[in-house]
Amino acid sequence: MNITRRNVLLGATAVAALGPVAARAQTSEVVIGVIYPFSGASAQMGVDAQKSFETALDIINKNHDFDLPLAKGEGLPSLGGAKIRLVFADHQADPQKGRAETERLITQEKVCAVIGTYQSSVAVTVSQICERYQIPFISADNSSPSLHKRGLKFYFRAAPHDEMFSAAMFNFFDAMKKKGAKIDTLSLFHEDTIFGTDSANTQLKLAADRGYKIATDIKYRSNSPSLSAEVQQLKTANADVLMPSSYTTDGILLVKTMAELGYKPNAIVAQNAGFSEKALYDAVGDKLEGVISRGSFSLDLAAKRPMVGKINAMFKEKSGKDFNDLTSRQFMGLLVMAEAINRAKSTDGEKIREALVATDIPGEQTIMPWKRVKFDEMGQNNDADPVLLQYIGGKFVTIFPPQAAIAEAVWPMK
């Protein structure tokens, strides 16, 4: 079955005999659109996202003894126990395909909300379509900071953006310098879509503000067949820290090319994306001992909140993987949207938007190391505290900030 037509329904009884308007009125089910890449180079991102959303759906639609929104009891209590049904759509990493699929979700599938999208470039168009139709959109895992600054009323992001992530990186650099580490020069390496461009612009500003020298700033073409010339520039610059902003296939090519050309930086501090993905470490993990990546999620939190480990086990049973920075944010995106729909007591877009505006979920009622989920006037949660993770012995451990860390950073990389 084509993924754009595949629905996920857990425990809900469809009201197929009714027309779409009557079905919505009875709210025996609440339909939410989920738009991700399910084909092409980023297809694995969509597959993992689907497993994450299915895990969240299980939490909402079934009864669980977790201190999470909607975990206890089945369905949405304010809508008479209505279950959530997800309709998945494939944007193929193409903004225009994302535009068309979002319109289909809204006009044909009659979704009351949309969640997406992995690529920030696709989130731009998806969120604009949602705005036009007055359908709430949660940007579950997009990190470009410009996304929430466009004056959209139906755009919301519970997770951090790259200004927040990059600030954590520079706070870490400052702390390491106080301990005697040599960190004076940085090499920026970023792909040419909105994700890479926004990331680099943020890092350039922070470097200037904090007194770090940019040894080289390289923008490369996304999904480039070769990075030899770019890696040679990085090797020549030989900065104290390499800071890549790359998706998975580009990240694998970068690391392989570095090995071929004999470039071994003292440290790599990555802007997540590909550097949080199992596929990258399966391919080149032997060359990345000690790499550092920023993140929203830390499995270490399970020591303080046992439910985190239990929910991770649910996800792992479906996917064969632990939660990572992306899948954990996707999981939370659906919980936050469902919690707002429940408080709205409606599937009306404006009422859901008003409920999202009023959201205030304590950090302890999430699987994340966040203070809380509360949106500002631009739809951004500013209390989603980032962490830095280091890849040691085949797994990530939290090294920063100190209140979340379980290990000291290994510096330089091995």
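Note that the numbering runs from 1 along the sequence shown for the chain.
Taking the six-membered ring where tryptophan is involved, the planes of Phe88 and Phe38 are perpendicular, since the angle between them exceeds 60° and thus also 30°.
Thr249 and Asn223 share a side-chain donor-acceptor pair at under 3.5 Å. Checking Ser199 against Asp162 by side-chain atom types alone, no donor-acceptor pair falls below 3.5 Å. Asp250 and Ser224 share no donor-acceptor pair across their side chains, judged by distance under 3.5 Å alone. With 3.5 Å as the limit, one finds no donor-acceptor pair spanning the side chains of Thr102 and Tyr133. Inspection of the Ser39 and Asp90 side chains reveals an N or O donor paired with an N or O acceptor under 3.5 Å. Side-chain atoms of Asn312 and Asp322 include a donor-acceptor pair closer than 3.5 Å. Judged purely by distance below 3.5 Å, without hydrogens or angles, the side chains of Asp325 and Ser296 pair a donor atom with an acceptor atom.
Under the 4.5 Å side-chain criterion, counting only non-hydrogen atoms from C-beta, Met337 is in contact with Ile32. Between Thr216 and Leu234, some side-chain heavy-atom pair lies under the 4.5 Å cut-off. A 4.5 Å side-chain heavy-atom check between Tyr36 and Gln50 finds every atom pair outside the cut-off. For the pair Ser298/Leu389, a side-chain contact is recorded, criterion being any heavy-atom separation below 4.5 Å from C-beta on.
Although no hydrogens or angles enter the test, the distance criterion places a donor-acceptor pair under 3.5 Å between the side chain of Tyr281 and the main chain of Phe275. Between the side chain of Asp67 and the backbone N or O of Gln365 there is no donor-acceptor pair closer than 3.5 Å. Here the side chain of Asn171 pairs a donor or acceptor atom with the backbone of Ala167 at under 3.5 angstrom. Put simply, the side chain of Thr185 never gets that close to the backbone of Lys213: no donor and acceptor are under 3.5 Å apart.
The residues Glu339 and Arg343 are annotated as salt-bridged, a charged nitrogen and a carboxylate oxygen being separated by less than 4.0 angstrom. The existence of a salt bridge linking Lys178 and Asp174 is excluded, since no basic side-chain nitrogen approaches an acidic carboxylate oxygen closer than 4.0 Å. A salt bridge does not link Glu131 with Lys153: none of the charged nitrogens is closer than 4.0 Å to a carboxylate oxygen. Glu364 has no carboxylate O lying under 4.0 Å from a charged side-chain N of Arg305, or vice versa, which leaves the two without a salt bridge.
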**Request:** Evaluate side-chain contact (heavy atoms from CB on, under 4.5 Å) for Leu79 paired with Ile341, printing each intermediate quantity in order.
**Result:** CA-CA 9 Å; Leu79 287 170; Ile341 293 171; 4.0 Å; yes

**Asked** Taking it one step at a time, do Met314 and Phe331 satisfy side-chain contact (heavy atoms from CB on, under 4.5 Å)?
**Response** CA-CA 12 Å; Met314 292 173 59; Phe331 174 91; over 6 Å; no

**Message:** Between Thr125 and Gln96, is the side chain to side chain donor-acceptor pair (under 3.5 Å) condition met? List the steps.
**Reply:** CA-CA 7 Å; Thr125 57; Gln96 295 313 311; 5.8 Å; no

**Message:** What verdict does the side chain to side chain donor-acceptor pair (under 3.5 Å) test give for Tyr220 and Ser246, after you've listed the backbone C-alpha separation in whole Å, the side-chain angles of each residue and the deciding distance to 0.1 Å?
**Reply:** CA-CA 10 Å; Tyr220 70 91; Ser246 302; 2.8 Å; yes

**Request:** Output, in order, the C-alpha distance, side-chain angles, deciding distance and verdict of side-chain contact (heavy atoms from CB on, under 4.5 Å) for Met164 and Gln380.
**Result:** CA-CA 11 Å; Met164 299 165 71; Gln380 174 63 44; 4.0 Å; yes

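Atom NZ of Lys351 sits in a sparse spot, with 12 or fewer heavy atoms from other residues, nucleotides or ligands closer than 6.0 Å. More than 12 heavy atoms of other residues, nucleotides or ligands sit less than 6.0 Å from atom CD of Gln403. Within a 6.0 Å radius of NZ in Lys177, more than 12 heavy atoms belonging to other residues, nucleotides or ligands are found. Within 6.0 Å of atom NZ in Lys256, 12 or fewer heavy atoms from other residues, nucleotides or ligands are found, so the atom counts as exposed in its surroundings.
For residues 138-148, no residue pair satisfies the salt bridge (charged side-chain N to carboxylate O under 4.0 Å, His left out) rule, not counting sequence neighbours.
Under the side chain to side chain donor-acceptor pair (under 3.5 Å) criterion, Ser328 pairs with no residue, sequence neighbours left out.
Paired with Lys371 under the rule side-chain hydrogen bond (donor to acceptor under 3.5 Å, both in side chains), one option of Asn381, Asp383, Asn382, Asp385 passes, and it is Asp385. Among Val387, Val308, Asn324, the one residue that satisfies the side chain to side chain contact (heavy atoms under 4.5 Å, CB included) test with Phe297 is Val308.
Cation-pi geometry between Arg294 and Phe165 is met: the NZ or CZ atom falls under 6.0 Å from the ring centre, inside 45° of the normal. With Phe173 as the aromatic partner, Arg210 does not meet the cation-pi criteria of under 6.0 angstrom to the ring centre and within 45 degrees of the ring axis.
Residues Arg157 and Ser139 approach most closely at CG-O, 3.6 Å, considering heavy atoms. Of all heavy-atom pairs between Gln119 and Ser42, the closest is NE2-OG, 3.0 Å. Closest non-hydrogen pair, Asn142 versus Phe137, comes out as OD1-CZ, 4.3 Å.
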